[in-house]
Amino acid sequence: PSRKVLPQIVALLVGFSIIVAPWLIRNQIHFGRFSLSSIGDNNLYFYNATSLYGHLNGLTFEEAQQVFEERWAAHQPWMDRWPNALEGRLAREYILAHPFAFAFYNGVDALNGLRPGFSYFLSLLDTSKQTQLAIRSFQELNIRTAPQVWLSQGGVIKAIQVYMAAWVVVLFAGAGSGLWRLLAIERRWDTALFLILALMLLYLPGAASNARFRMPVEPLLALFAAYGLQLPLRHRQPAATDP
């Protein structure tokens, strides 16, 4: 019953908070800001806001970053104990001016971060750096360029990327079926504990978190997928009869 899940949710939130509380308190004492990451504002400006600017204006990430570096240099330093306070202010001003576009492109980056961590492995195999072009084509939603970049790569790289794509499809489809089974069929409201944990792992570092913070969510999706993929087998098993 959902009423029995609430104390468990509170316990999860309290336990999670105890783990990160010392660093939050440290930042409050040292910088006067109750926040987890002291580098988050820098990432928010030079990566997230910069990427949004590039998407909206048809620029590469490097071109957009150069524009934002010039904008940042044109401002007087903002006197604040918090590191990168000026970058955070400028980033939030730009993001709040384009909230829906930011939510969309940040969502695309989040999906990219949820893939298995093969990016570094591929970059070691592929000395031509075509792998990075393929990843960037995906991030920029360049549908026409992505197939061309993929076809230009070597056979080993193609095979690994096909495996990656198949894994993502199975992972997300299986996780969706697992959640449907748990919530719609079996009414397992304690599943909310896993969902809340996944959200905390995804967004605790803030809007500027990158893929390495999102990777811990993948095992949770795999658990849901394993549960969901058992559903067809469950219906094929013969019903138990009394002796």
Side-chain angles (χ1 to χ4, degrees), residues 20 23-115 117 119-120 123 129 131-146 149 168 172 196 198-218:
V20 300
W23 192 255
L24 292 167
I25 295 171
R26 175 260 185 191
N27 284 341
Q28 176 65 39
I29 295 173
H30 195 64
F31 295 119
R33 182 83 64 90
F34 194 72
S35 181
L36 183 70
S37 174
S38 58
I39 200 174
D41 284 341
N42 182 281
N43 289 337
L44 192 64
Y45 182 75
F46 284 109
Y47 291 93
N48 293 68
T50 300
S51 177
L52 173 62
Y53 181 83
H55 283 302
L56 294 177
N57 293 277
L59 302 176
T60 66
F61 179 75
E62 288 77 12
E63 292 170 338
Q65 198 167 42
Q66 183 176 359
V67 173
F68 267 54
E69 285 178 353
E70 293 172 356
R71 287 186 178 184
W72 171 77
H75 284 78
Q76 295 295 325
W78 198 28
M79 300 306 296
D80 195 299
R81 285 188 298 162
W82 185 249
N84 311 304
L86 174 61
E87 291 92 320
R89 180 171 67 89
L90 296 176
R92 284 185 285 273
E93 288 177 357
Y94 187 75
I95 290 170
L96 290 175
H98 308 87
F100 297 107
F102 174 75
F104 176 77
Y105 288 118
N106 196 57
V108 171
D109 288 339
L111 291 176
N112 187 48
L114 284 171
R115 299 181 314 163
S119 297
Y120 294 110
S123 64
K129 304 302 180 184
T131 296
Q132 297 302 318
L133 291 177
I135 294 172
R136 182 173 298 172
S137 297
F138 172 78
Q139 289 177 322
E140 296 177 355
L141 299 179
N142 195 332
I143 306 301
R144 289 177 297 178
T145 303
V149 173
V168 170
F172 280 85
I196 292 172
L199 289 174
M200 287 191 293
L201 289 170
L202 281 171
Y203 294 108
L204 182 67
S209 59
N210 71 35
R212 68 177 177 272
F213 295 111
R214 297 184 173 106
M215 290 306 294
V217 177
E218 190 175 296

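Residues: numbered from 1 along the sequence shown. Worth saying up front: this structure is predicted, and the values here are computed from it rather than measured.
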Taken in chain and number order and not counting sequence neighbours, the residues that satisfy salt bridge (charged side-chain N to carboxylate O under 4.0 Å, His left out) with Arg92 are Asp41

Across all chains, not counting sequence neighbours, the ring pair (Phe, Tyr, Trp, His ring centres under 6.0 Å) partners of His75 are none

In this structure, CZ of Arg89 is separated from OH of Tyr45 (nearest 0.5 Å) by 10.5 Å

- Item | Enclosure of Trp72 CH2 (heavy-atom neighbours >12, cutoff 6.0 Å) | no

May I have the list of side-chain donor-acceptor pairs in residues 27-34 shorter than 3.5 Å, sequence neighbours left out?
from: Asn27; atom 1: ND2; to: Ser35; atom 2: O; distance (Å): 2.7
from: Asn27; atom 1: ND2; to: Leu36; atom 2: O; distance (Å): 3.1
from: Gln28; atom 1: OE1; to: Phe34; atom 2: N; distance (Å): 3.0

Sorted by chain and number, sequence neighbours left out, salt bridge (charged side-chain N to carboxylate O under 4.0 Å, His left out) with Glu63 holds for none

The single option from Tyr94, Phe100, Phe102 that satisfies ring pair (Phe, Tyr, Trp, His ring centres under 6.0 Å) with His98 is Tyr94

Quick one: does Phe46's side chain get under 4.5 Å of Glu69's, heavy atoms only? yes

Flag the pair Ile95 / Leu44 as yes when at least one side-chain heavy-atom distance between them is below 4.5 Å, and no otherwise.
yes

Between the CG atom in Leu59 and the CZ atom in Phe68, the distance rounded to the nearest 0.5 Å is 10.0 Å

Applying salt bridge (charged side-chain N to carboxylate O under 4.0 Å, His left out) to Arg71 and not counting sequence neighbours gives none

For Ala97 and Pro99 the tightest heavy-atom approach is C-CD, 3.5 Å

